[in-house]
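To keep things clear, I will list the structure first and then write my remarks on it.
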Amino acid sequence: MASHRKPKQRSLTGGTAWTAAVALAGAAATAISGTGHAETRPTAAQVRAKVDQYQREAEEANEKYNGAKDTADKARRALDRLRDEAARGTARLNASRNALGAIATAQYRSGTVAPTLQLALSSSPEQFLRRASLADRASSRQAATVAGLSRQARKLRQLRGEAQDKLDQLRGAQAALARHRGVARSKLAAAKALLDRLTSEQRRRYEAQKAREAQEAQEARETEGAGAAPYATSGRAARAVSYAYGALGKPYVWGATGPQGYDCSGLTQAAWRAAGVALPRTTYTQINAGRRVSRTELVPGDLVFFYSGVSHVGLYIGGGRMIHAPRPGAPVRVAPIDQMPFAGATRPA
């Protein structure tokens with residue numbers, strides 16, 4: 001009968017219990033994933049770091065888009081000008097050809113008389129010589145007309161060749177526009193997909209952090225005042241800095257130059273435009289606009305650039321700080337220049 005008794009249950013304690021718990025958790029993970037490796041959810045800090053990377057890469061693509069757009073706009077304007085000039089040249093060439101054709105037709109209809117016969121028939125040798133001189137001048141004018149036609153035709157061919165070159169340039173820029181826009185959108189979509197993986201609590205903390213950053217930007221605007229730049233000098237630099245203070249809190253808008261929103265180079269371009277200085281459109285070109293200065297030489301109004309690819313720019317306001325348009329979802333704000341890898345600086349005026 002003893003062989004039919006139910007075995008006594010043994011309790012698991014100490015290391016034995018921990019081993020069993022680990023084994024049970026591993027079995028559960030295997031059952032859920034089917035591969036023996038449970039999918040790990042990234043932490044909020046990891047997501048934020050990756051989102052920042054994607055947004056920075058999107059901004060880099062945005063700057064390339066801005067450059068391609070600037071090239072396309074210039075090529076389009078040049079193409080329109082060349083086409084207009086070619087149309088006017090064609091009209092002038094056709095008018096000159098018609099005039100020359102009319103002269104040739106008139107000569108054909110009137111015929112020509114040999115000079116010796118004209119002298120013989122003339123009642124006065126002086127009258128003949130006068131007529132011959134007039135005819136010679138008329139012939140010279142015809143020769144000049146023919147030479148002019150040739151020059152016009154060459155110029156027209158040149159214009160058409162230049163127009164074709166600009167058309168090719170425009171098409172290349174348009175292809176680059178589409179390519180860079182696609183890269184930027186894919187990076188922003190990847191950032192959104194990462195954010196969507198956050199738990200509700202992680203998402204709440206993430207949004208709270210963004211709200212705090214926006215509030216800090218608003219407080220900086222209210223405290224220091226729109227246009228009241230404490231470190232600003234006089235002249236154009238002060239006007240540029242004043243404009244940047246007035247943009248605090250405005251949203252980051254892809255490809256925008258204000259006044260409702262800005263991207264990074266759009267903000268610096270608009271600020272210096274308000275000071276009467278025309279800057280190029282992109283970070284890559286703005287860094288060559290003006291005189292290069294070292295980090296120790298910075299004064300308010302200088303442009304400060306970041307990352308090895310020179311893909312971000314801000315406007316220095318003094319005290320180791322700048323005003324910049326950081327990234328999508330982050331408004332124009334005051335920030336320390338130490339928060340990103342410094343790439344260089346330039347002084348527009």
Side-chain angles (χ1 to χ4, degrees), residues 49-74 172-173 176-177 179-188 190-191 237 240-241 243-244 247 252-258 261-273 275 277-318 320-330 332-349:
K50 198 66 176 177
V51 166
D52 288 347
Q53 176 190 334
Y54 283 145
Q55 290 178 333
R56 181 169 58 82
E57 290 171 349
E59 184 180 42
E60 184 175 348
N62 175 44
E63 287 302 307
K64 292 178 180 178
Y65 172 91
N66 290 337
K69 185 175 185 304
D70 190 51
T71 299
D73 290 343
K74 289 178 180 177
L177 279 174
R179 185 169 63 254
H180 297 316
R181 184 190 291 116
V183 170
R185 285 176 174 171
S186 68
K187 295 297 182 181
L188 293 176
V241 172
Y243 183 97
Y252 182 102
V253 177
W254 199 69
T257 59
Y262 305 86
D263 61 19
C264 68
S265 58
L267 174 63
T268 51
Q269 185 188 51
W272 272 101
R273 183 172 59 236
V277 176
L279 290 181
R281 179 61 184 91
T282 68
T283 55
Y284 317 114
T285 50
Q286 286 183 8
I287 196 171
N288 295 316
R291 179 171 69 86
R292 290 289 188 96
V293 294
S294 68
R295 187 165 179 164
T296 58
E297 296 175 300
L298 288 173
V299 298
D302 288 347
L303 304 180
V304 282
F305 300 87
F306 304 92
Y307 301 108
S308 59
V310 193
S311 58
H312 190 73
V313 62
L315 189 77
Y316 189 69
I317 59 172
R321 301 179 306 157
M322 65 178 172
I323 293 176
H324 72 142
R327 61 181 182 274
V332 176
R333 65 182 57 162
V334 175
I337 64 173
D338 291 333
Q339 71 177 192
M340 290 177 285
F342 188 80
T346 190
R347 186 166 299 155

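All values below come from the heavy atoms of this structure, side chains included, with hydrogens, waters and symmetry mates left out. This chain uses plain numbering: 1 for the first residue, then up along the sequence. Everything numeric here is computed off the predicted structure, so don't read it as measured data.
- Nearest approach of Tyr316 to Arg321, heavy atoms of both residues: CD1-O, 3.1 Å.
- Looking at Val334 and Ile317, their side chains come closer than 4.5 Å, going by heavy atoms from C-beta outward.
- Side-chain contact between Asn66 and Thr283: absent, with no pair of heavy atoms (C-beta onward) separated by less than 4.5 Å.
- The structure places NZ of Lys69 at 11.5 Å from CG of Asn62, a figure rounded to the nearest 0.5 Å.
- A perpendicular orientation is assigned to the rings of Phe342 and Phe306, their planes being inclined by more than 60° (bins at 30° and 60°).
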- Query: Please walk me through it: do Leu303 and Ile287 pass side chain to side chain contact (heavy atoms under 4.5 Å, CB included)?
  - Reply: CA-CA 8 Å; Leu303 304 180; Ile287 196 171; over 6 Å; no
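- When all heavy atoms of Ala247 and Tyr262 are compared, the pair lying nearest together is CB-CE1, 3.8 Å.
- Minimum heavy-atom separation, Val241 to Leu315: CA-CD2, 3.7 Å.
- Considering every non-hydrogen atom in both Pro280 and Thr285, the closest pair reads CB-OG1, 3.1 Å.
- The structure places OG of Ser311 at 11.0 Å from CZ of Phe305, a figure rounded to the nearest 0.5 Å.
- Ion pairing of Asp263 with Arg281 is present here, as a side-chain N (NZ or NE/NH1/NH2) and a carboxylate O approach within less than 4.0 Å.
- The two residues Ala237 and Pro300 come nearest to each other via the heavy atoms CB-O, 3.4 Å.
- A donor-acceptor pair shorter than 3.5 Å can be found between the side chains of Arg181 and Tyr65.
- For the pair Thr346 and Pro348, the tightest heavy-atom approach, listed with the atom from each and the gap, is O-CD, 3.6 Å.
- No side-chain donor-acceptor contact under 3.5 Å links Glu63 to the backbone of Thr282.
- For Ala256, the side-chain contact (heavy atoms from CB on, under 4.5 Å) criterion is met by Val253, not counting sequence neighbours.
- Proximity of Arg295 to Ile337: side-chain heavy atoms (C-beta onward) are separated by under 4.5 Å at one or more points.
- Of the residues Glu60, Glu59, Glu57, the one that meets the salt bridge (Lys or Arg N to Asp or Glu O under 4.0 Å) test with Lys187 is Glu57.
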